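Below is one structure, written out as structure tokens; comments come after it.
This is a predicted model, so every value here is computed, not measured.
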Amino acid sequence: MRRFLLPVLVLGVSLAAPWAHAATPPQQPEQGPGGRDYKVAEVVKRAVGTASAGTFVFHGSDTPAKPRPIVIFLHSWGAVNPALYGGWIEHLARKGYLVLFPRFQDVNRSRPADATNLAETLIENALAELSNDPNARPDRERVALIGHSAGVPLALNLAAGAGSGKVPTPKLIFGLMPGGIASTEKERGIMLRDLSAIDPQTLIVTMSGDRDYLPADRASRLILQQASAVPANRKLFMRAASDDHGFPAITATLASPGSPKADYDAAAIKLPPDPPRDPKQKNTWRWSADMALSGPQTILTQQLGNNVTDTLDYLAYWKTFDLAADAAFSGKDAAALTRDPKFVDMGTWSDGWPVRRLSAQMPKAEGQEKKEEPGPRRKLNMAPPETKQGLSDFIGKLRS
């Protein structure tokens, strides 16, 4: 028996040995965009509104000397618990932002078609309640929207409706893995508003991952095209790349923006109860099939909860947002971002090998798509004519 086990043990050790010496991916930078040079150590976690219509609020425990820039975080459909994005929320709050996480969905009770109006109302009420709070101090002139999956079309809708005054006009829209867009009212998903109403000074950045890029790319192109008032030099189409050079591998999936952190669990952040319902008021609520999560939406929410905070978070999502927000709040355009080599850099593995960089490109301006590339001055056509007579003549010449 021992003779039989010895080769098995040797084989197991030999297979495990390469992983023990594999290169490791880069960790969070010590400072700078995406880095850990935080302004505060503690984050205040609270909620405003009611249990059925509430917004989670996060900010540093300090009393700021100046108003805080606002980040409105719009989750994917089904990911209503801020704990699923807790690592990123903590990063933003400790960097000095006021983070609002409106719970615009009541799972199995609300429809995607109602999400935009509900999110507007939640954000409007939250900002009104926080306007005179000396610790929150929202800066309505510096607003950024972060959306993930179905949260991306929702962010575009909020920006398009900013003229109503419910939600401040955002300087930046940062959309990760766009999806959940409905083309008709009968489809499951979020209908887009007239995106041509988005302020021309808005900076719009979309990013997909290379492990699930086709639907996200199509959605990105759609929203960038429909936001027609925003010039091409204020739009960026980006992609995060996977890299298996070392261990653990870097994998850019639909769920990769998730950074679970139990400290941000919604169950620990108490929302005020709903006021008692008037018994004379008629209940008009009716269930519909699009209130329930689809199979892919359920899987995505589970994957977000099982995710780990890794290089993609630090250097693809958090760093890109930090740089884009700085640019947007200072009036710079997308071209200024692409000129910075740090913008697409993803660092190096522990053995010095560079991690695959982000790709970033501005969409072509209107009219450029139809411009033909200049061809050679002389074209040689060696193919036979396509008509039957021409083909028979060509074969006859070959035989002769």
* Donor on one side chain, acceptor on other, Thr63 and Asn135, under 3.5 Å -> yes

* Would you check if the side chain of Gln105 reaches a backbone N or O of Arg103 as a donor-acceptor pair within less than 3.5 Å? => no

* **Qualifying residues under salt bridge (Lys or Arg N to Asp or Glu O under 4.0 Å), relative to Asp210, sequence neighbours excluded** => Arg356

* Asked: Side-chain donor-acceptor pair under 3.5 Å between Asp313 and Ser259, yes or no?
  -> no

* Are Asp133 and Arg46 within salt-bridge range, i.e. N to O under 4.0 Å? -> yes

* Asked: For the atom pair CG (Leu130) and CZ (Arg68), what is the distance rounded to the nearest 0.5 Å?
  -> 11.0 Å

* **Verdict with reasoning, Tyr264 to Glu90, per side chain to side chain donor-acceptor pair (under 3.5 Å)** => CA-CA 9 Å; Tyr264 292 79; Glu90 180 171 276; 3.1 Å; yes

* Is it true that Arg111 and Asp290 make a salt bridge, defined as a side-chain N closer than 4.0 Å to a carboxylate O? -> yes

* Might you confirm whether atom CD of Glu187 has over 12 heavy atoms from other residues, nucleotides or ligands at distances under 6.0 Å? => yes

* **Non-hydrogen atoms of Pro29 and Gly34 that approach each other most closely** => CD-O, 3.7 Å

* To do: May I have the step-by-step check of side chain to side chain donor-acceptor pair (under 3.5 Å) for Thr309 and Tyr314, ending in yes or no?
  => CA-CA 8 Å; Thr309 304; Tyr314 305 137; 5.6 Å; no

* To do: For the pair Lys235 and Asp333, find out whether any cationic side-chain nitrogen is under 4.0 Å from an anionic carboxylate oxygen.
  => no

* Asked: How long is the span from the CG atom in Leu176 to the CE atom in Met207, to the nearest 0.5 Å?
  -> 6.5 Å

* To do: Assess whether side chain to side chain donor-acceptor pair (under 3.5 Å) is satisfied between Asp274 and Thr50, documenting all intermediate values.
  => CA-CA 5 Å; Asp274 290 324; Thr50 64; 2.9 Å; yes

* Asked: Where is the tightest heavy-atom contact between Ala160 and Asp194, given as atom of each residue plus distance?
  -> CB-O, 3.6 Å

* **From Leu271 atom CG to Ser52 atom OG, the distance as rounded to the nearest 0.5 Å** => 9.0 Å

* Structure fact -> Shortest non-hydrogen pair, Thr251 vs Ser242, comes out as CA-OG, 3.6 Å

* Closest heavy-atom pair and its distance - Asn157, Arg193 -> OD1-N, 2.8 Å

* Asked: When the ring planes of Phe56 and Phe58 are compared, do they come out parallel, tilted or perpendicular, using 30° and 60° as the limits?
  -> parallel

* To do: Using the side chain to side chain contact (heavy atoms under 4.5 Å, CB included) rule, pick out the option among Val143, Leu158, Thr55 that qualifies with Ile123.
  => Leu158

* Between Asp345 and Lys342, is there a side-chain N and carboxylate O pair less than 4.0 Å apart? -> no

* Roughly how far, to the nearest 0.5 Å, is CG of Leu122 from CG of Leu127? -> 11.0 Å

* Structure fact -> Interatomic distance, CD@Gln303 vs CG@Leu84, rounded to 0.5 Å, equals 12.0 Å

* Asked: Under a 4.5 Å side-chain heavy-atom rule over Ile, Leu, Val, Met, Phe, Trp and Tyr, are Leu236 and Leu195 clustered together?
  -> no

* Asked: How far apart are the C-alpha atoms of Leu98 and Val57, what are their side-chain angles, what is the distance that settles it, and do they pass the side chain to side chain contact (heavy atoms under 4.5 Å, CB included) test?
  -> CA-CA 7 Å; Leu98 169 64; Val57 180; 3.7 Å; yes

* Asked: When you look at OH of Tyr213, are more than 12 heavy atoms from neighbouring residues, nucleotides or ligands closer to it than 6.0 Å?
  -> no

* **Atom pair CD/CG of Gln201 and Leu203 - distance to nearest 0.5 Å** => 10.5 Å

* Aromatic ring proximity Phe101/His75, centre distance under 6.0 Å -> yes

* Asked: For the side chain of Asp212 and the backbone of Leu254, is there at least one donor-acceptor N/O pair under 3.5 Å apart?
  -> no

* Asked: Do Asp217 and Ser208 meet the criterion of a side-chain donor-acceptor pair at a distance under 3.5 Å?
  -> yes

* For Ser110 and Trp77, which heavy atoms make the closest approach, and how far apart are they? -> O-CZ2, 3.8 Å

* Structure fact -> Shortest non-hydrogen pair, Met177 vs Pro257, comes out as SD-CG, 3.9 Å

* **Hphob cluster co-occupancy, Val205 + Ile146, side-chain heavy atoms under 4.5 angstrom** => yes

* Return each pair, listed once, that meets ring-ring contact (aromatic ring centres under 6.0 Å, His included) where at least one residue sits in residues 131-162; pairs must be two or more places apart or across chains. => Tyr85-His148

* More than 12 heavy atoms of other groups within 6.0 Å of Asp37 CG -> yes

* Pick out which of Leu74, Thr121, Leu154, Val80 makes a side chain to side chain contact (heavy atoms under 4.5 Å, CB included) with Pro102. => Leu74

* **side chain to side chain contact (heavy atoms under 4.5 Å, CB included) between Val99 and His59, worked out** => CA-CA 6 Å; Val99 184; His59 57 76; over 6 Å; no

* **Set of residues satisfying side-chain hydrogen bond (donor to acceptor under 3.5 Å, both in side chains) with respect to Asp322, sequence neighbours excluded** => His91

* Are any side-chain N or O atoms of Gln226 and backbone N or O atoms of Ile223, one a donor and one an acceptor, separated by less than 3.5 Å? -> no

* Indicate yes or no for a side-chain donor-acceptor contact from Asp265 to the backbone of Ala83 under 3.5 Å, with no hydrogens or angles considered. => no

* Asked: Between Met346 and Leu358, is a side chain to side chain contact (heavy atoms under 4.5 Å, CB included) present by the stated rule, with each step listed?
  -> CA-CA 7 Å; Met346 287 287 291; Leu358 304 174; 4.0 Å; yes

